[in-house]
Number of protein chains: 2
Amino acid sequence: MATEFTGTGDPARSMALLWRTPGEPVSRPGPRAGLDVDRIVAAAVRLADAEGLSALSMRRVAAELGVGAMTLYTHVPGKGELVDLMLDSVLGELYPAEEAVTSGSWRDRLTTVARANWDLFLRHPWALHLATGRPPLGPHLMRKYELELRAVDGLGLSEVQMDLLVTLVTGFVRGTVGGVQERADAERVTGLGEDQWWAATEPYLAQVFDAERFPTAARVGPVAGEELQAAFAPERSFAFGLERLLDGVAALVADPARS
Amino acid sequence: MATEFTGTGDPARSMALLWRTPGEPVSRPGPRAGLDVDRIVAAAVRLADAEGLSALSMRRVAAELGVGAMTLYTHVPGKGELVDLMLDSVLGELYPAEEAVTSGSWRDRLTTVARANWDLFLRHPWALHLATGRPPLGPHLMRKYELELRAVDGLGLSEVQMDLLVTLVTGFVRGTVGGVQERADAERVTGLGEDQWWAATEPYLAQVFDAERFPTAARVGPVAGEELQAAFAPERSFAFGLERLLDGVAALVADPARS
DNA sequence: ACGATCTCCGTACCGTGTACCGGAATGCTC
DNA sequence: GAGCATTCCGGTACACGGTACGGAGATCGT
């Protein structure tokens, strides 16, 4: 699994691709293209969904499309731009019904935002491993930002507070789903199930673990391990964290001047 | 920058290395080793601190130590185990003064936890890019877990709630510092400063951005961009998020049965 | 002195992103 | 219809990655 950076390509070329700015509309010489950007992006997303970001190589994507590796470079400047396009593409899946983010109580709206991001990361785990310090400013990212801001609009918060709040909620989801996903990824990478890994590790831990040095861990660890290993554990973490977060937001909404 | 997985090696071998279980204490034949695990780990941490996780290759670490690449494999089974050792090693920097996490109000204690994790990730940004679905259960990770649990002990919370809460706070820090760090990383990877990148991108965005479709973004974006681009912006995000989180925790502490 | 055992490491294999260049297909111009 | 600029396609090659393999030399117990 590799971390890819978004926004590593030429900004002009990236923006043109993201917004699908038509090149020359007139008919030009040369053979008709048997391939286009959308098909490449779709194939890359399918591949990354199925086998993870580490399986996403130009050769693999090309093979998936039945073309040579270098053919991709006719349509996409490089892997960096492809990753940008993949991300903006899947962001288009968010909020198919806009009303869900703009109507109801602010608590419901923020829950919708969190849940939507959660689901998206579950569908496309590779998106977690993208470093979006230079986000691909494509149409779907813009729409996402707009709708999430609307979810916190009209609460008497300042513009900066609104931005901070949206970032906080989406960041929380990113962190939480990351913890969940990393366990699943580990299973695929190591080929060992969680229980097998634990069975192989626990005896050695028992040898070195000093319950007198770590009394609280000795007390909490087993209980938490038991309780949070079940299938619904991710839901538990998500729900618990979101409730705390929303309670904190409620305090802010009640008194916006507190921060 | 690559995401590395912790816990990819043989559990038995990994645990023996993490806890530095002595092998055969008697003197054996063969030349004296000119290298040991600690020196390798220290060199690897230095390298990753300075140049990022993507620069961390076995060849580079070996070169740093003035030995051949394959020499490392005499002391460490592979790169996966080396990463485990690196992480547990830097976790040892946390909480040099244990009292800070065990005394004072719970709000102060949790602030200390968050701040300590924040500082650690700033010192060792590569740690953010480790997928810890199978955490290296070394002595320093154990100590970290113990101390962070103590920070939320005695508040009337259940064991599971304690574990969830610690995970929530550290997850929040991870997410927040990630956003900050990714910007700095992007600058190094692309060689473009944030302002240069924005200057190159903004004209294209202006061409395609439709203020009527995205009115809220049009209103909030510029203000937030202005306000949160300054040097202290990371601090702002961190402080804002932590206050919301702690306010939410206060509601839980006041009424532990609510979740 | 011998043999077992250990440290060190050169070579090699496969996989990566992509620069470079040649060959084939196409549509515009004349 | 001929010529040609332009475009698509993809084979080859390079530097770099982790590490399997096996050999050379050092050092100990016997």
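Predicted model, so just to flag it, every value in this text is computed and none were measured.
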dC8(D) P sits how many Å from R39(A) CZ, rounded? 14 Å
Touch class at under 4.0 angstrom, heavy-atom based, for L56(B) against every strand present: sugar-phosphate
So which nucleotide from dT11(C), dG17(D), dT12(D) ends up closest to the side chain of M70(B)? dT11(C)
When the nearest nucleotide of DNA chain D is assigned to G66(A) and to A55(B) on a heavy-atom basis, which residue is associated with the more 5' position? G66(A)
Less than 3.5 Å between a donor and an acceptor, one on the side chain of R59(A) and one on the base of dG15(C), is that the case here? no
With the side chain defined as heavy atoms from C-beta on, K79(B) is closest, among dC9(C), dT19(D), dG17(C), to dT19(D)
Could you give the distance from CG (L128(B)) to CG (L53(B)), rounded to the nearest 0.5 Å? 10.5 Å
May I ask you to say what S57(A) touches in the nucleic acid, namely base, sugar-phosphate or nothing, with a heavy-atom cut-off under 4.0 Å? sugar-phosphate
Regarding the side chain of T74(B), the nearest nucleotide among dT18(C), dC8(D), dT7(C) is dT7(C)
Would you compute the distance between atom CH2 of W118(A) and atom CD of E235(A) and round it to the nearest 0.5 angstrom? 6.0 Å
Whole angstroms only, please: what is the CG-C1' distance between L82(A) and dG17(C)? 12 Å
Rounded to whole Å, please give me the gap between NE2 in H75(B) and C1' in dC9(C). 11 Å
To the nearest 0.5 Å, what is the distance between CG on D84(B) and CG on L130(B)? 8.5 Å
Ignoring the backbone of L35(A), work out which of dC8(C), dC9(C), dC9(D) is nearest its side chain. dC9(D)
When we call it a touch if two heavy atoms are under 4.0 Å apart, what does T71(A) touch: a base, just sugar-phosphate, or nothing? base
Atom OG1 in T170(A), atom OH in Y145(A): separation rounded to 0.5 Å? 10.5 Å
Please report the interatomic distance OG1(T132(A)) to CZ(R183(B)), rounded to the nearest 0.5 Å. 9.5 Å
Rounded to whole Å, the CG-C1' distance (L72(A) to dG10(D)) equals 11 Å
Side chain of R60(A) (C-beta onward), nearest among dT16(C), dG17(C), dC8(C): dT16(C)
Return the value, rounded to whole Å, for the distance between atom CG of L47(A) and atom P of dT16(C). 11 Å
Looking only at dC9(D), dT19(D), dG10(D), the nucleotide nearest the M58(B) side chain is dT19(D)
Tell me: OH of Y73(A) to P of dT12(D), nearest whole Å? 17 Å
